[in-house]
Amino acid sequence: MAGTSRTAPDDRDGSTSQDPATEAFLAHRNLLFTVAYEMLGSAADAEDVLQETWLRWAGVDLGTVENQRAYLVRIATRQALTRLRTLGRRKESYVGSWLPEPLLTTPDVAEDVELADSVSMAMLLVLETLTPTERAVFVLRDVFALGYDEIAEAVDKNPAAIRQIAHRARAHVAARRPRGDISPAETRNAFEAFQWAVETGDLQRLVDILAPDVVLLGDGGGIKQAVPRPIVGAGNVARVLAAGLSRIAAASLRPAQVNGYPALILRQDGEIDTVLAMRIDDGLVTGIYAVRNPEKLSHMEQETALRR
């Protein structure tokens with residue numbers, strides 16, 4: 001398509017171009033980003049997938065495309081699968097625990113319970129335990145409700161194989177996902193109790209809101225100091241948090257919606273230092289994810305819109 005920009009259009013940049021390819025891409029841009037982000041756990045890589053998807057979409061004869069949404073998702077999925085395998089190799093040499101890149105999400109993400117669950121830090125870590133193809137199939141089928149035929153085209157397998165992969169991935173995720181449904185009120189109450197305990201430094205109250213088998217993971221990427229390995233147990237986690245947070249003024253601790261759930265943002269000298277996301281089950285905090293790697297905090301200054 002002669003004259004088409006090599007940079008993926010973004011409706012946030014005030015672009016006025018309204019050619020059919022651009023219109024279609026912008027209409028599905030947030031969906032494509034969400035697909036790529038759920039497959040990769042990395043916003044930076046998801047943005048690269050969007051760019052690669054646009055370059056391929058810009059060269060397509062739209063007259064031959066029956067379903068633009070499905071066609072775009074297919075391109076994005078294939079690009080994300082290629083990048084996911086590369087990302088896997090990068091993770092092998094990553095310093096310390098690898099955590100997904102947190103996103104400051106818009107309020108509507110929290111209102112869509114299924115979407116919030118699918119992009120939560122806890123779920124993204126569960127998806128890390130799937131193979132690349134299993135992850136793609138699970139995301140496309142269980143999150144975005146694509147048909148087996150559509151998924152088969154996206155991952156270059158036949159529909160019968162996709163059904164088997166989907167069944168296997170679903171069982172794998174079900175065995176590892178959060179333990180049960182929890183209401184927004186229960187989540188909010190547990191989060192507020194955690195925040196209060198952290199801000200006041202009340203070690204006993206902190207222990208009381210943590211599940212006995214709570215796990216703390218830290219990601220500094222070898223750039224910032226973080227716990228080098230998982231910390232397990234309410235007493236151990238409470239002591240580590242109390243020691244780490246005692247040096248930070250409560251005024252720099254603020255709540256935010258991160259990946260569809262309440263989280264805490266810690267700032268030092270006006271800059272984001274740490275994002276504390278958490279998993280809550282049965283009214284107790286069962287997982288705490290402390291992201292400190294500055295390379296993973298760039299999407300915490302501006303809200304990201306996600307779509308199913």
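Worth knowing before you read on, the calculation uses all heavy atoms, side chains too, and leaves out hydrogens, waters and symmetry mates. Keep in mind that this is a model prediction, so the values were computed, not measured.
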| Quick one: do Met39 and Val173 end up in the same hydrophobic cluster if we chain Ile, Leu, Val, Met, Phe, Trp and Tyr together by side-chain heavy atoms under 4.5 Å apart? | yes
| Roughly how far, to the nearest 0.5 Å, is OG1 of Thr274 from CG of Leu253? | 9.5 Å
| request: Output yes when Arg83 and Asp48 qualify as a salt bridge under the 4.0 Å nitrogen-oxygen rule, no when they do not. | output: yes
| message | Any non-hydrogen side-chain atom of Leu306 less than 4.5 Å from a side-chain atom of Thr304? | response | yes
| query | Roughly how far, to the nearest 0.5 Å, is the CZ atom of Phe191 from the CZ atom of Arg188? | reply | 11.5 Å
| task | Decide yes or no for Thr286 and Ile280: does some side-chain heavy atom of the first lie under 4.5 Å from some side-chain heavy atom of the second? | result | no
| query | When hydrophobic residues are tied together by side-chain contacts of less than 4.5 Å, even through go-betweens, does Leu241 share a cluster with Leu217? | reply | no
| message | Tell me whether Glu101 contacts the main-chain N or O of Ala43 through its side chain, where contact means a donor paired with an acceptor under 3.5 Å. | response | yes
| said: Run Val35 and Leu140 through side chain to side chain contact (heavy atoms under 4.5 Å, CB included) and show every step you take. | reply: CA-CA 8 Å; Val35 169; Leu140 295 179; 4.1 Å; yes
| field | Heavy-atom side-chain contact between Arg229 and Ser97 under 4.5 Å | value | no
| Among the clusters formed by ILVMFWY side chains lying less than 4.5 Å apart, do Leu99 and Ile231 turn up in the same one? | no
| Could you go step by step and tell me if Val275 and Tyr289 meet the side chain to side chain contact (heavy atoms under 4.5 Å, CB included) rule? | CA-CA 8 Å; Val275 172; Tyr289 316 108; over 6 Å; no
| said: Which heavy atom of Ala122 sits nearest to which heavy atom of Arg279, and what is that distance? | reply: CB-CD, 3.6 Å
| field | Considering all heavy atoms, the nearest Thr105-Gly260 contact | value | OG1-N, 2.9 Å
| field | Ala161 backbone acceptor or donor facing Gln164 side chain under 3.5 Å | value | no
| Output field: ring centroids Trp54/Phe25 closer than 6.0 Å | yes
| So, for Ala76 and Leu32, which heavy atoms are closest and what is the spacing to 0.1 Å? | CB-CD2, 4.1 Å
| Residue pair Glu303 / Pro107, side-chain heavy-atom distance below 4.5 Å | yes
| said: Working note: Val214 + Val232, criterion side chain to side chain contact (heavy atoms under 4.5 Å, CB included); need CA distance, chi angles, decisive distance, verdict. | reply: CA-CA 6 Å; Val214 62; Val232 182; over 6 Å; no
| message | Nearest 0.5 angstrom please: His28 NE2 to Thr34 OG1, how far? | response | 13.0 Å
| With distance as the sole test, does Asp269 use its side chain to make a donor-acceptor pair with the main-chain N or O of Glu271 at under 3.5 Å? | no
| query | What's the shortest heavy-atom distance between Ala152 and Ile162, and which atoms? | reply | CA-CG1, 3.7 Å
| query | Which heavy-atom pair separates Met123 from Ser118 by the least distance, and what is that distance? | reply | CG-O, 3.7 Å
| Looking only at side chains, do Asn293 and Tyr94 share a donor and an acceptor under 3.5 Å apart? | yes
| task | Would you check if Thr53 and Leu72 make a side-chain contact, meaning some heavy-atom pair closer than 4.5 Å? | result | yes
| query | Using 4.0 Å as the upper bound for N to carboxylate O, is an ion pair formed by Arg292 and Asp219? | reply | no
| Can we say Arg307 and Asp108 salt-bridge, meaning some charged N sits less than 4.0 Å from an Asp/Glu carboxylate O? | yes
| field | Under 3.5 Å donor-acceptor, Lys91 side chain and Thr86 backbone | value | no
| From Leu104 CG over to Ile265 CD1, what is the distance, rounded to the nearest 0.5 angstrom? | 5.5 Å
| said: Using side-chain heavy atoms (C-beta onward) and a distance below 4.5 Å, is Leu264 in contact with Phe194? | reply: yes
| field | Exercise: do Thr22 and Asp19 side chains pair donor with acceptor under 3.5 Å | value | yes
| query | Salt-bridged, Arg308 to Glu114, with N to O below 4.0 Å? | reply | yes
| request: Please examine the side chains of Thr200 and Asp202, heavy atoms only from C-beta on, and report whether any two atoms are closer than 4.5 Å. | output: yes
| query | Would you say the side chains of Asn158 and Tyr148 form a donor-acceptor pair under 3.5 Å? | reply | no
| Taking everything shown except Lys157 itself, do over 12 heavy atoms lie less than 6.0 Å from its NZ? | no
| remark: Separation between CE (Met278) and CD (Gln195), nearest 0.5 Å, reads 8.5 Å
| Do Leu276 and Tyr261 belong to the same hydrophobic cluster, where Ile, Leu, Val, Met, Phe, Trp and Tyr are linked whenever their side-chain heavy atoms lie under 4.5 Å apart, directly or via other members? | no
| query | Do the non-hydrogen side-chain atoms of His299 and Pro102 ever get within less than 4.5 Å of each other? | reply | no
| side-chain contact (heavy atoms from CB on, under 4.5 Å) partner of Trp98, chosen from Glu92, Arg90, Glu128 | Glu128
| request: State plainly whether one hydrophobic cluster holds both Phe33 and Leu31, where clusters connect Ile, Leu, Val, Met, Phe, Trp and Tyr through side-chain heavy atoms under 4.5 angstrom apart. | output: yes
| Do NZ/NE/NH1/NH2 and the carboxylate oxygens of Arg141 and Glu134 come within less than 4.0 Å? | no
| request: Report yes or no: is the cationic atom of Arg135 (NZ for Lys, CZ for Arg) under 6.0 Å from the centre of the six-membered ring of Phe138, at an angle within 45° of the ring normal? | output: no
| Leu125 backbone acceptor or donor facing Thr129 side chain under 3.5 Å | no
| Under 3.5 Å donor-acceptor, Trp57 side chain and Ala21 backbone | yes
| said: Could you report the tightest heavy-atom contact between Val198 and Leu206, atom names first, then the distance? | reply: CG2-CD1, 4.0 Å
| task | Would you mind checking if Glu47 and Arg29 are paired as a salt bridge, meaning a charged N to carboxylate O distance below 4.0 Å? | result | yes
| query | Quick one: do the Ser120 and Asn259 side chains pair a donor with an acceptor below 3.5 Å? | reply | no
| task | To the nearest 0.5 Å, tell me how far Met300 CE sits from Leu103 CG. | result | 8.0 Å
| message | Show, in sequence, the C-alpha distance, side-chain angles and deciding distance for Glu52 and Arg56, and conclude whether the side chain to side chain contact (heavy atoms under 4.5 Å, CB included) test is met. | response | CA-CA 6 Å; Glu52 292 158 1; Arg56 284 157 180 78; 3.7 Å; yes
